[in-house]
Number of protein chains: 2
Amino acid sequence: MLHARGLRVTSQRLVILDALRKLGRHSTAEEIGRAVHEELPACSAPTLYATLDLLVEMGLVRRLDAGLGVALYDAGTRPHHHAVCRVCGAVQDIEGEIAPEDALRSAVGRGFEPERAELMVYGVCVACRDASDAPGLAGD
Amino acid sequence: MLHARGLRVTSQRLVILDALRKLGRHSTAEEIGRAVHEELPACSAPTLYATLDLLVEMGLVRRLDAGLGVALYDAGTRPHHHAVCRVCGAVQDIEGEIAPEDALRSAVGRGFEPERAELMVYGVCVACRDASDAPGLAGD
DNA sequence: ATTGGTGCAAATCCTTTGCAATAGC
DNA sequence: GCTATTGCAAAGGATTTGCACCAAT
């Protein structure tokens with residue numbers, strides 16, 4: 001898959017993805033770094049971040065900002081929703097590619113007390129779509 | 001309102017809230033700071049952040065993390081949803097205290113091309129609720 | 001052999017903290 | 001006057017960058 005993109009297969013990349021998959025869910029770069037160090041003690045922070053960016057770009061990893069001041073990384077690429085605890089900061093997955101309302105219900109069913117639910121829609125705004133549609137410019 | 005909480009009414013606090021209200025939408029601390037400086041040139045970053053925290057705590061301001069690396073502040077306290085453009089980073093309000101699904105529809109109706117919608121539910125998880133319910137401990 | 005990847009260190013950015021001076025009550 | 005609040009400067013943490021070396025192809 002890396003080869004297909006003309007990129008090199010390095011032990012760092014393999015170990016980082018593997019570590020992230022083993023950690024399972026919402027891990028900070030620091031947690032991933034610690035796990036990686038057990039196998040690859042010399043792996044550096046810049047490499048870690050660069051690799052995570054690459055994996056995100058490749059669609060193998062998702063990056064998620066829960067407002068905790070650190071980015072969280074997730075090897076599960078299926079879209080899903082999240083419940084963030086205001087008290088302890090824990091991020092709970094709401095599994096499944098389900099409608100937002102069902103996600104909310106699911107969280108409540110698991111004992112989570114929602115105070116506020118916010119939908120973040122990620123996509124392309126009108127202006128940027130128009131810009132990329134403009135003739136003479138290479139569409140993305 | 002500040003008095004009611006035994007807090008002092010300072011020009012900084014008034015000007016910061018006023019600036020944020022005038023800016024209207026999702027402003028970064030830096031934007032707010034710039035606006036504040038026009039009226040209160042000496043207002044410092046620590047004061048700005050402290051005041052914003054205070055306003056958030058008082059419920060007059062909401063803080064929002066759109067994954068852009070900076071916090072956005074919003075003087076509109078009514079909960080609403082957001083659409084973030086992957087290309088230009090613009091954050092669009094989806095007005096109204098409406099159901100997430102309607103929010104998604106609303107964004108599409110305005111020309112936004114959604115790629116991914118994620119519901120963030122903020123609240124209190126089971127463990128933290130149980131902890132605060134525990135007898136002998138002061139409930140929050 | 002080539003050149004993309006890596007590691008080191010330092011830089012950057014946003015935000016917070018310590019402390020003396022100031023201003024609200 | 002008492003004390004919260006401010007401003008300054010510097011610290012702090014997460015992430016990125018520049019550059020020389022190394023390793024995958």
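The shown structure was predicted, so the numbers you read here are calculated from the model rather than taken from an experiment. Just so we're on the same page: letters track the sequence lines, and every chain starts at 1.
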Under 4.0 Å from any atom of DNA chain D, heavy atoms only: list the residues of residues 35-52 of chain A that qualify, in numerical order.
A:Pro46, A:Tyr49

If you assign B:Glu30 and B:Thr10 each to the DNA chain C nucleotide with the nearest heavy atom, which residue ends up on the more 5' nucleotide?
B:Glu30

[X] [atom1] to [N] [atom2]: how many Å, rounded?
| X | N | atom1 | atom2 | value |
| --- | --- | --- | --- | --- |
| A:Glu57 | C:dG5 | CD | P | 11 Å |
| A:Glu31 | D:dT15 | CD | P | 11 Å |
| A:Arg5 | C:dG5 | CZ | C1' | 15 Å |
| A:Arg13 | C:dG7 | CZ | P | 11 Å |
| A:Asp65 | C:dT15 | CG | P | 11 Å |
| B:Ile32 | C:dT15 | CD1 | C1' | 13 Å |
| A:His3 | D:dA24 | NE2 | C1' | 8 Å |
| B:Leu14 | D:dT6 | CG | C1' | 14 Å |

List the steps, then state whether side-chain contact (heavy atoms from CB on, under 4.5 Å) holds for A:His81 with B:Val121.
CA-CA 8 Å; A:His81 306 282; B:Val121 185; over 6 Å; no

Using the side-chain heavy atoms of [X], tell me which of these nucleotides is nearest: [options].
| X | options | value |
| --- | --- | --- |
| B:Val70 | C:dT6, C:dC14, C:dT3 | C:dC14 |
| B:Leu7 | D:dT25, C:dG5, D:dT5 | D:dT5 |
| A:Asp53 | C:dC14, D:dT15, D:dT16 | D:dT16 |

Salt-bridge test for A:Glu39 and A:Lys22: reply yes if a basic N is under 4.0 Å from a carboxylate O, no otherwise.
no

Looking at B:Arg34 and B:Glu30, is any side-chain nitrogen of the basic one under 4.0 Å from a carboxylate oxygen of the acidic one?
yes

Quick one: do A:Val108 and B:Tyr122 end up in the same hydrophobic cluster if we chain Ile, Leu, Val, Met, Phe, Trp and Tyr together by side-chain heavy atoms under 4.5 Å apart?
no

Under 30°, 30 to 60°, or over 60°: which ring-plane class applies to A:His80 and A:His26, parallel, tilted or perpendicular?
tilted

Spell out, as yes or no, whether a donor-acceptor pair under 3.5 Å connects the side chain of A:Arg63 to the backbone of A:Leu52.
no

Would you say A:Arg8 reaches D:dA23's phosphate, i.e. side-chain N/O to OP1/OP2 under 4.0 Å?
no

Quick one: is B:Gln12 getting a side-chain N or O under 4.0 Å of the D:dG7 phosphate, OP1 or OP2?
yes

Which part of the nucleic acid, if any, lies within contact of A:Gly6, taking any heavy atom under 4.0 Å across all strands shown: a base, the sugar-phosphate backbone alone, or nothing?
nothing

Of all heavy-atom pairs between B:Arg105 and B:Asp102, which one has the smallest distance, and what is that distance?
NH2-OD1, 2.9 Å

